[in-house]
Amino acid sequence: MCGRSCMTLDPNEIVCACKYKVNNDEELKEPAYRNEYNLGKKYIPSYNIAPTDICPIIVSSKHLNDDEISSNRTVLPALWSLIPKWHKGDYRKHGLTTNNARFEGLTDSKLYKPLLDRGKRCVMVIEGFYEWKTTDLKAKSSERSVYFVHMPQNDKIKIEDKSSWNGLCEDLKLMYIAGLFDVWNDEVGDSIYSFTIITYESDI
DNA sequence: CCAGACGTTGTT
DNA sequence: GTCTGG
DNA sequence: CCAGACGTTGTT
DNA sequence: GTCTGG
């Protein structure tokens with residue numbers, strides 16, 4: 001569940017699509033965008049975002065102690081699969097599966113509970129995600145049927161066809177997935193933002 | 001005390 | 001780094 | 001989540 | 001078949 005997602009927007013399109021209301025103001029506010037270095041790994045817009053790729057999340061700007069940030073929400077690129085804070089060495093070699101965090105038992109987790117306590121909440125912003133049929137599991141994975149799950153859109157917009165909504169970012173309905181994030185530091189002090197998304201046993 | 005986990009997915 | 005199991 | 005590796009020897 | 005890397 002939730003192991004592949006789609007985000008083809010550029011940063012400027014994302015902040016436009018993520019405008020939000022503050023209290024009862026008429027005016028919509030745009031989140032800030034912060035281009036984290038993340039050890040040189042860049043966000044590359046793609047219809048096929050995999051765990052360990054870099055993709056955008058939204059966090060409260062209070063976590064970034066940066067006076068230049070005007071908005072109370074910030075979009076920043078982060079690595080999808082939380083890197084444990086205690087991990088040393090190559091950031092890819094922690095050996096844990098952390099792209100998803102199960103809601104059940106989250107408060108008992110050595111890895112995730114401290115993030116809850118520190119308020120390290122985030123939201124993964126995507127156009128949608130993919131679900132493969134589990135029924136034909138014996139088939140080669142490349143030949144299994146796949147569904148694209150996304151938000152309902154207004155009449156003008158067909159989400160599979162970018163030309164139908166180019167320049168209409170404000171009308172685009174993106175999907176927001178609850179998650180937890182952290183900053184991991186390597187031996188020389190360079191950092192990577194990483195995150196996990198919270199999953200729950202399906203009703204269906 | 002030390003050693004080892006710390007996490008998830010799916011199906012039988 | 002910190003908790004759990006032995 | 002899928003795709004792709006999964007291994008070693010020696011020399012240029 | 002199963003693990004790793006993206």
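Sequence lines set the chain letters: A, B, ... in the order given, protein chains first and strands last, and positions in each chain run from 1. Just so it is clear, the values below take in all heavy atoms, side chains as well, and ignore hydrogens, waters and symmetry mates.
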Q: Does A:Arg144 come within less than 4.0 Å of A:Glu131, counting only side-chain N to carboxylate O?
A: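 Looking at A:Arg144 and A:Glu131, the cut-off is not met.
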Q: Checking all strands, does A:Pro51 fall into the base, sugar-phosphate, or nothing category for heavy-atom contacts under 4.0 angstrom?
A: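 Result for A:Pro51 = base.
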Q: For A:Thr196, report the nucleic acid contact type (base, sugar-phosphate, nothing); a contact means any heavy atom under 4.0 Å.
A: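 Result for A:Thr196 = nothing.
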Q: Of the nucleotides E:dG5, E:dG6, D:dC2, which one has an atom closest to the side chain of A:Lys93?
A: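 Nearest nucleotide to the side chain: E:dG5.
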Q: Between B:dT9 and D:dC2, how far apart are the two C1' atoms, rounded to whole Å?
A: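 12 Å, rounded to whole Å.
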Q: Mind checking if A:Tyr112 touches a base, just sugar-phosphate, or nothing, with heavy atoms under 4.0 Å?
A: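 Answer is sugar-phosphate: A:Tyr112 comes under 4.0 Å of backbone atoms only.
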Q: If we take the C1' atom in both D:dC1 and B:dG7, what is their distance in whole Å?
A: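 About 15 Å, rounded to a whole number of Å.
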Q: Would you classify A:Lys41 as touching base, sugar-phosphate or nothing, given that sugar-phosphate means primed atoms plus P, OP1 and OP2, and contacts are heavy atoms under 4.0 Å?
A: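 Nothing, no heavy atom under 4.0 Å.
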Q: Using a strict 4.0 Å threshold on nitrogen-to-oxygen distance, state whether A:Glu27 and A:Lys29 make a salt bridge.
A: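 Salt bridge: no.
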Q: Take atom C1' in B:dT8 and the same atom in E:dC3, then report the distance between them in whole Å.
A: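 Straight-line distance between the two C1' atoms is 14 Å.
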Q: Separation of A:His87 atom NE2 from C:dT2 atom P, in whole Å?
A: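 Checked: the NE2 to P distance equals 17 Å.
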Q: Answer yes if the ring centres of A:His63 and A:Phe181 are under 6.0 angstrom apart, and no otherwise.
A: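 Yes, they do, as the ring centres are separated by less than 6.0 Å.
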Q: For B:dT11 and E:dG1, measure between their C1' atoms and round to the nearest Å.
A: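 Per the computed distance, 14 Å lies between those C1' atoms.
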Q: Mind calculating the distance between NZ (A:Lys88) and P (B:dG4) to the nearest angstrom?
A: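 The distance from NZ of A:Lys88 to P of B:dG4 comes to 20 Å, rounded to the nearest Å.
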Q: Remember a base hit wins even if backbone is also touched, and classify A:Thr199 as base, sugar-phosphate or nothing at under 4.0 Å, heavy atoms.
A: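 Counting heavy atoms under 4.0 Å across all strands, the contact made by A:Thr199 is with sugar-phosphate only.
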Q: Let's see if you can work this out: which of C:dT2, B:dT8, D:dC1 has an atom nearest to the side-chain heavy atoms of A:Arg4?
A: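 From the listed options, D:dC1 comes nearest.
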Q: Counting side-chain heavy atoms from CB outward, which of C:dT4, B:dT8, D:dC2 is closest to A:Asn100?
A: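 Minimum distance to the A:Asn100 side chain belongs to B:dT8.
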Q: Does A:Arg102 place a side-chain N or O at less than 4.0 Å from the phosphate oxygens OP1/OP2 of B:dT9?
A: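 Yes, because at least one side-chain N or O of A:Arg102 sits under 4.0 Å from OP1 or OP2 of B:dT9.
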Q: Distance check needed: B:dC6 P versus A:Leu111 CG, whole Å only.
A: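 Result: 10 Å.
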Q: So that I can tick it off, tell me whether A:Lys113 and A:Asp117 are bridged by a salt bridge, with the cut-off set at under 4.0 angstrom between side-chain N and carboxylate O.
A: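 Result for this pair is yes, salt bridge flagged.
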Q: Ring centres within less than 5.5 Å and planes less than 30° apart: is that true of A:Trp86 and B:dC6 in this structure?
A: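 Yes.
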Q: Any Lys/Arg nitrogen of A:Lys19 or A:Glu170 sitting under 4.0 Å from an Asp/Glu carboxylate oxygen of the other?
A: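 Yes.
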Q: Suppose we define a pair by two distances each less than 3.5 Å, Watson-Crick or G-U wobble; what does D:dT8 pair with here?
A: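 Partner of D:dT8: none.
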Q: Ignoring backbone atoms, establish whether A:Arg144 has a side-chain N or O less than 4.0 Å from OP1 or OP2 of D:dC2.
A: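 For D:dC2, OP1 or OP2 has a side-chain N or O of A:Arg144 closer than 4.0 Å.
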Q: Passes salt bridge (Lys or Arg N to Asp or Glu O under 4.0 Å), A:Arg118 versus A:Asp182? Steps please.
A: CA-CA 10 Å; A:Arg118 289 158 56 216; A:Asp182 205 356; 3.2 Å; yes
Q: Report the distance from atom CD1 of A:Ile54 to atom P of E:dG6, rounded to the nearest whole Å.
A: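 Those two atoms, CD1 and P, are 12 Å apart.
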Q: Does the structure show a Watson-Crick or G-U wobble partner for B:dA3, both distances under 3.5 Å? Name it, or say none.
A: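 Paired with C:dT4.
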Q: What is the distance, rounded to the nearest whole Å, between atom CG of A:Asp90 and atom P of E:dT4?
A: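 Roughly 13 Å, once rounded to whole Å.
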Q: Is any side-chain heavy atom of A:Leu172 closer than 4.5 Å to a side-chain heavy atom of A:Glu13?
A: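 They are not in contact (no side-chain heavy atoms under 4.5 Å apart), so the answer is no.
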Q: The side chain of A:Trp132 is closest to which nucleotide in this list: D:dC2, B:dC6, B:dT8?
A: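 That would be D:dC2.
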Q: Tell me the interatomic distance from A:Ile192, atom CD1, to E:dG6, atom C1', rounded to whole angstroms.
A: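 Answer to the nearest Å: 14 Å.
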Q: Measure CG/A:Asn99 against C1'/E:dG5 and give the value in whole Å, please.
A: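 Nearest whole value for this atom pair: 13 Å.
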Q: By the 4.0 Å heavy-atom rule, please label A:Thr52 as base, sugar-phosphate, or nothing.
A: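 Since a base atom lies under 4.0 Å of A:Thr52, the category is base.
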Q: Whole angstrom is fine here: how far is it from CD1 in A:Ile83 over to P in C:dG1?
A: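 It is 16 Å, rounded to the nearest whole Å.
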